[in-house]
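Computed from heavy atoms alone, side chains included, the values below leave out hydrogens, waters and symmetry copies. Numbers here are sequence positions counted from 1.
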Amino acid sequence: MTTPRPGDGGAGRDPARPRIPLICPRCGHEQQVVPGGPGRAVKVVHVGTGREACEPGDLARAPDDGT
């Protein structure tokens, strides 16, 4: 195990660990995190569209969770 260097925040992806996909709770499609920057907030967007919002057709096909 390596010691984190100052400035890198200790964050890093361990190549031995599998990637866990981020799934939209509304439509079930995969999402990704878009890093922010100065004056920009971090966003979570759909992989296929790059948009934060679900596509209307995707919501129509989403499974009913009973709520």
Side-chain angles (χ1 to χ4, degrees):
M1 183 168 174
T2 62
T3 305
R5 294 181 310 243
D8 70 7
R13 189 158 138 25
D14 181 356
R17 295 178 79 182
R19 182 176 163 269
I20 299 172
L22 182 61
I23 303 296
C24 177
R26 282 172 275 187
C27 69
H29 286 140
E30 187 174 357
Q31 295 180 306
Q32 66 185 10
V33 176
V34 177
R40 247 183 30 215
V42 173
K43 295 191 310 183
V44 177
V45 299
H46 288 79
V47 171
T49 64
R51 296 177 52 204
E52 291 182 78
C54 300
E55 292 293 314
D58 294 340
L59 291 174
R61 291 188 302 265
D64 183 14
D65 64 0
T67 58

With rounding to the nearest 0.5 Å, note down the distance linking [atom1] in [X] to [atom2] in [Y].
X: L22; Y: H29; atom1: CG; atom2: NE2; value: 13.5 Å
X: E55; Y: C27; atom1: CD; atom2: SG; value: 8.5 Å
X: Q31; Y: R26; atom1: CD; atom2: CZ; value: 7.0 Å

query: Taking the side chain as C-beta and beyond, is there a heavy-atom pair between V42 and V34 under 4.5 Å?
result: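 The answer is no, as the side chains (C-beta and beyond) never meet within the 4.5 Å cut-off.
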- prompt: With sequence neighbours excluded, what pairs up with E30 under the salt bridge (charged side-chain N to carboxylate O under 4.0 Å, His left out) test?
  reply: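 Salt bridge (charged side-chain N to carboxylate O under 4.0 Å, His left out) list for E30, sorted by chain: R19.
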- prompt: If you take all heavy atoms of E52 and V45, which pair is closest and at what distance?
  reply: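 So the minimum-distance heavy-atom pair works out to CG-CG1, 4.0 Å.
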